[in-house]
Amino acid sequence: QQLYPNADVFVGGFQDAPLADNYFDFVVSNFPFGAYSVNDVAFKHPARKFAQKSIHNYFFAKSMDKVRPGGVVAAITSHFTMDGVEAKRLREYLAEQGDFIGAIRLPSSAFKANAGTEVTTDIIFLRKRMPGEERAGAAWANVTQQVDANGQKFLRNEYFDAHPEMILGR
């Protein structure tokens with residue numbers, strides 16, 4: 001607020017921020033991730049309960065609420081948004097409102113030096129559809145089981161199966 005005295009500065013949780021729905025052209029963020037919920041009255045409805053299971057699911061759903069039709073959400077999040085079985089309902093919910101533009105998978109070491117964390121990270125791009133607009137975009141709701149060179153099983157999003165060039169590293 002000191003740097004930009006004419007700007008509206010809000011200090012608080014996303015759930016309490018006085019932001020209008022269907023307003024912003026672009027939402028860009030490094031979403032927090034973790035298996036904890038946010039207490040937001042707007043997400044108490046059973047159809048939105050999936051967003052209460054993890055904070056990154058909540059941030060995705062809430063961001064789609066805030067962006068206007070035709071607007072874009074671009075977010076950095078853990079790979080569990082794309083690969084998690086439990087996140088399928090989130091992916092379906094987002095697909096009901098918008099189109100998946102694409103994603104870039106970063107190696108687990110991408111944030112090791114500056115954030116001290118090692119987690120496979122994705123940058124996900126979504127576009128909110130205009131009213132009456134037909135669904136488009138790449139498929140990304142499902143995950144497939146994969147086996148690595150050591151014989152270990154893991155899940156990977158169907159988008160990355162179809163677009164391995166969007167994965168940086170191995």
Validation row: [X], [Y] side chains within 4.5 angstrom (heavy atoms):
{"X": "Pro69", "Y": "Arg129", "result": "no"}
{"X": "Asp21", "Y": "Lys66", "result": "yes"}
{"X": "Leu106", "Y": "Thr120", "result": "no"}
{"X": "Val67", "Y": "Val72", "result": "no"}
{"X": "Thr81", "Y": "Ile124", "result": "yes"}
{"X": "Asn157", "Y": "His79", "result": "no"}
{"X": "Arg68", "Y": "Asp25", "result": "yes"}

Which atom names give the shortest non-hydrogen contact between Ser63 and Val27, and what distance separates them?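 Nearest heavy atoms, Ser63 then Val27: OG-CG1, 3.7 Å.
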
Please report the closest heavy-atom contact between Ala141 and Glu92, naming both atoms and the distance.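 Closest pair (atom of Ala141, atom of Glu92, distance): CB-CG, 4.5 Å.
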
Going from CD1 on Ile123 to OG1 on Thr121, what distance comes out if it is rounded to the nearest 0.5 angstrom?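 Answer rounded to 0.5 Å: 8.5 Å.
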
Rounded to the nearest 0.5 Å, how far apart are CG of Leu94 and CG of Leu126?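 Reported value, rounded in 0.5 Å steps: 5.5 Å.
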
Single-linkage hydrophobic cluster, 4.5 Å side-chain cutoff, [X] and [Y] together:
{"X": "Leu155", "Y": "Leu90", "value": "no"}
{"X": "Ile167", "Y": "Ile101", "value": "yes"}
{"X": "Met64", "Y": "Leu19", "value": "yes"}

If you group Ile, Leu, Val, Met, Phe, Trp and Tyr whenever their side-chain heavy atoms sit less than 4.5 Å apart, what else falls in with [X]?
{"X": "Val9", "value": "Val11"}
{"X": "Phe80", "value": "none"}
{"X": "Val147", "value": "none"}

Ion pair present between Lys128 and Glu96, side-chain N to carboxylate O less than 4.0 angstrom?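 Judged by the 4.0 Å cut-off on N to carboxylate O distance, Lys128 and Glu96 do not form a salt bridge.
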
Does Ile104 form a side chain to side chain contact (heavy atoms under 4.5 Å, CB included) with Leu168? I'd like the steps, not just the answer. CA-CA 8 Å; Ile104 301 166; Leu168 301 177; 4.2 Å; yes

Considering only residues two or more places apart or on different chains, which pairs with a residue in [range] satisfy salt bridge (charged side-chain N to carboxylate O under 4.0 Å, His left out)?
{"range": "residues 28-47", "answer": "Asp40-Lys62"}
{"range": "residues 133-150", "answer": "Arg127-Glu133"}
{"range": "residues 4-16", "answer": "none"}

With sequence neighbours excluded, what pairs up with [X] under the side-chain contact (heavy atoms from CB on, under 4.5 Å) test?
{"X": "Asn30", "answer": "Ile76"}
{"X": "Ala74", "answer": "Phe26, Val28, Phe125"}
{"X": "Gln146", "answer": "Thr144, Phe154, Arg156, Asp161"}

Is there a donor-acceptor contact under 3.5 Å from the side chain of Arg91 to the main chain of Gly84?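 Pair found, side chain donor or acceptor close to backbone of Gly84.
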
List the residues meeting ring pair (Phe, Tyr, Trp, His ring centres under 6.0 Å) with Phe60, not counting sequence neighbours, and say none if there are none.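 So Phe60 forms a ring pair (Phe, Tyr, Trp, His ring centres under 6.0 Å) with Phe31.
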
Sequence neighbours excluded, every pair satisfying ring-ring contact (aromatic ring centres under 6.0 Å, His included) that has a member inside residues 5-25: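 Applying ring-ring contact (aromatic ring centres under 6.0 Å, His included) to every pair that reaches into residues 5-25, excluding sequence neighbours, yields Phe14-Phe59.
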
If a pair satisfies ring-ring contact (aromatic ring centres under 6.0 Å, His included) and one of its residues is in residues 82-107, list it, with sequence neighbours excluded.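 As it turns out, the ring-ring contact (aromatic ring centres under 6.0 Å, His included) pairs with a partner in residues 82-107, which skip direct neighbours, are Phe50-Tyr93, Phe100-Trp140, Phe100-Tyr159.
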
